[in-house]
*Asks:* 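Before anything else, here's the structure in question.
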Amino acid sequence: MAERITKNMAKNIYFGGGVFAILVFVGLTFDTVQQIPKLSHEEKLTESVALGKKVWEDNDCIGCHTLLGEGAYYAPELGNVFERIAGGDEKVFKTYLLGWMAAQPLDTPNRRKMPQFHLSPVQINNLADFLIWSSRVNNQEWPPNTQG
Ligand code: HEC
């Protein structure tokens with residue numbers, strides 16, 4: 001019967017569709033990877049940002065915090081802390097972060113505590129540069145809320 005799908009037709013749809021989907025997937029992946037340097041503002045990756053990332057990793061900040069939505073949900077999202085706290089003013093943010101890191105742990109009842117890390121002012125400046133750079137990554141509105 002002409003209107004019935006034959007085994008051969010089914011095979012062609014299966015393999016043709018499969019190859020088509022794979023090609024679309026490879027194309028979209030290639031397109032995304034090409035855009036990463038622009039989306040992440042690679043040209044603004046300074047030595048200080050890289051050192052700040054190292055301080056961030058060595059001290060496991062991500063063990064409590066999220067950064068751009070990834071990490072632990074114990075403490076606030078820090079991908080937007082630069083905007084939230086300092087409204088995008090680098091000097092204000094650096095002064096704030098120095099004060100914040102020095103003041104830990106805060107003795108506030110009924111509030112989660114952040115440890116004292118004993119970081120040097122240079123390390124805290126690097127951390128600030130890393131958080132400022134992170135806040136400028138074009139993550140296409142992710143995370144969708146300020147809590148991460
Ligand atoms: C053991 C868990 C823990 C670790 C590890 C940790 N923090 Fe925190 N952090 C917290 C908690 C809890 C708060 C919220 C404290 C509060 O509001 O009183 C906080 C708050 C902050 C804030 C203020 C955020 C805001 O929105 O007010 C900053 C900035 C910060 N942490 C930076 C860091 C950095 C940088 C590191 C790594 C060097 C780090 N934290 C590691 C628990 C942690």
Side-chain angles (χ1 to χ4, degrees), residues 5 10-148:
I5 188 166
K11 241 192 219 165
N12 286 343
I13 292 171
Y14 176 76
F15 285 112
V19 168
F20 177 72
I22 288 170
L23 286 179
V24 169
F25 178 70
V26 169
L28 288 175
T29 306
F30 185 73
D31 182 55
T32 303
V33 170
Q34 290 254 301
Q35 291 183 42
I36 287 176
K38 204 172 121 228
L39 293 174
S40 65
H41 298 289
E42 207 177 77
E43 74 284 356
K44 292 194 183 123
L45 271 177
T46 59
E47 184 72 23
S48 180
V49 172
L51 288 171
K53 179 169 182 280
K54 181 145 184 6
V55 177
W56 171 267
E57 283 167 358
D58 288 350
N59 291 281
D60 195 28
C61 309
I62 204 95
C64 290
H65 290 275
T66 49
L67 187 68
L68 306 184
E70 293 286 336
Y73 287 82
Y74 179 73
E77 159 71 35
L78 293 185
N80 56 27
V81 70
F82 171 53
E83 292 294 335
R84 253 191 307 115
I85 300 278
D89 186 319
E90 296 192 12
K91 234 174 134 190
V92 169
F93 182 64
K94 288 185 171 183
T95 310
Y96 152 80
L97 197 61
L98 270 174
W100 175 266
M101 297 306 284
Q104 305 310 312
L106 293 179
D107 197 18
T108 326
N110 300 323
R111 223 163 128 159
R112 291 173 182 173
K113 293 204 186 330
M114 175 164 144
Q116 174 52 250
F117 288 96
H118 303 288
L119 299 176
S120 72
V122 174
Q123 286 175 309
I124 295 172
N125 187 60
N126 294 149
L127 260 179
D129 282 332
F130 171 62
L131 290 173
I132 291 168
W133 176 80
S134 303
S135 78
R136 290 175 177 156
V137 168
N138 179 351
N139 49 341
Q140 301 172 342
E141 312 291 315
W142 190 264
N145 55 43
T146 47
Q147 287 81 37

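Positions are given from 1 along the sequence. Quick caveat: nothing in here was measured; it's all calculated off a predicted structure. Start at 1 and go down the list; that is how both ligands and their atoms are numbered.
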*Asks:* Taking all atoms of both residues into account, what is the closest heavy-atom pair of Ala128 and Lys94, and its distance?
*Replies:*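 Heavy-atom minimum between the residues: CB-CG, 3.8 Å.
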
*Asks:* Quick one, Val92 and Glu90 - any side-chain contact, counting heavy atoms below 4.5 Å?
*Replies:*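 Side chain of Val92 against side chain of Glu90, heavy atoms only: no contact under 4.5 Å found.
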
*Asks:* So, do Asn59 and Leu127 sit near enough that their side-chain heavy atoms are less than 4.5 Å apart?
*Replies:*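 Answer no - side chains too far apart.
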
*Asks:* Do the ring planes of His65 and Trp56 sit parallel (below 30°), tilted (30 to 60°) or perpendicular (above 60°)?
*Replies:*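 Tilted: the ring planes of His65 and Trp56 meet at 30° to 60°.
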
*Asks:* Of the choices Phe82, Phe130, Phe93, Phe117, which has the non-hydrogen atom that lies closest to atom 41 (C) of ligand 1?
*Replies:*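 The option holding the nearest heavy atom is Phe117.
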
*Asks:* Could you tell me the residue and atom name of the protein heavy atom closest to atom 23 (C) of ligand 1, and the distance to it rounded to 0.1 Å?
*Replies:*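 Protein heavy atom at minimum distance: Tyr96 OH, 3.1 Å.
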
*Asks:* Could you tell me whether ligand 1 has any atom less than 4.0 Å away from a heavy atom of Gly63?
*Replies:*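 Under 4.0 Å: no for Gly63.
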
*Asks:* Nearest to atom 12 (C) of ligand 1, what protein heavy atom do you find, and at what distance?
*Replies:*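 Of every protein heavy atom, Arg112 CB, 3.4 Å lies nearest to atom 12 (C) of ligand 1.
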
*Asks:* Any heavy-atom pair between the side chains of Thr66 and Pro143 that's under 4.5 Å?
*Replies:*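 With C-beta onward as the side chain, the pair stays apart.
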
*Asks:* Output yes when the distance from some N or O of ligand 1 to some N or O of Arg84 is under 3.5 Å, and no in every other case.
*Replies:*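 Such a contact does occur with ligand 1.
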
*Asks:* Within the 4.5 Å heavy-atom criterion, are Pro121 and Leu98 side-chain neighbours or not?
*Replies:*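 Sidechains of Leu98 and Pro121: in contact.
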
*Asks:* Mind counting the protein N, O or S atoms sitting less than 2.8 Å from atom 8 (Fe) of ligand 1?
*Replies:*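 Every protein N, O or S atom under 2.8 Å from atom 8 (Fe) of ligand 1 counted, the figure is 2.
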
*Asks:* Do Arg112 and Tyr74 have side chains that approach each other closer than 4.5 Å (heavy atoms only, starting at C-beta)?
*Replies:*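 Yes. Closest side-chain heavy atoms under 4.5 Å.
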
*Asks:* Carefully, step by step, assess Phe117 and Asp60 under the rule side-chain contact (heavy atoms from CB on, under 4.5 Å).
*Replies:* CA-CA 10 Å; Phe117 288 96; Asp60 195 28; over 6 Å; no

*Asks:* Specify the protein heavy atom at minimum distance from atom 18 (O) of ligand 1: its residue, its atom name, and the distance to 0.1 Å.
*Replies:*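 Protein heavy atom with the smallest distance to atom 18 (O) of ligand 1: Arg111 NE, 2.7 Å.
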
*Asks:* Give the atoms of ligand 1, by number and element, whose distance to some non-hydrogen atom of Leu97 is under 4.0 Å.
*Replies:*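 This gives 29 (C) as the contact atoms.
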
*Asks:* Using a 4.0 Å heavy-atom threshold (strictly under), name the region of Asp60 that reaches ligand 1: side chain, backbone, both or neither.
*Replies:*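 Backbone only.
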
*Asks:* After noting the C-alpha distance and the side-chain angles of Leu131 and Leu67, does the key distance pass the side-chain contact (heavy atoms from CB on, under 4.5 Å) rule?
*Replies:* CA-CA 9 Å; Leu131 290 173; Leu67 187 68; 4.0 Å; yes

*Asks:* Using side-chain contact (heavy atoms from CB on, under 4.5 Å), reason through Gln35 and Asp31 one step at a time and then give a plain yes or no.
*Replies:* CA-CA 7 Å; Gln35 291 183 42; Asp31 182 55; 3.1 Å; yes

*Asks:* Are the side chains of Gln104 and Leu106 in contact, using a 4.5 Å heavy-atom criterion?
*Replies:*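 The answer is yes, as the side chains (C-beta and beyond) meet within the 4.5 Å cut-off.
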
*Asks:* Of Ile62, Leu127, Ile124, which has the heavy atom at the shortest distance from atom 35 (C) of ligand 1?
*Replies:*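 Ranked by closest heavy atom to atom 35 (C) of ligand 1, first place is Leu127.
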
*Asks:* Just to confirm my output: which protein heavy-atom neighbour is closest to atom 20 (C) of ligand 1, and how far is it?
*Replies:*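 For this ligand atom, the closest protein heavy atom is Trp100 CZ2, 3.2 Å.
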
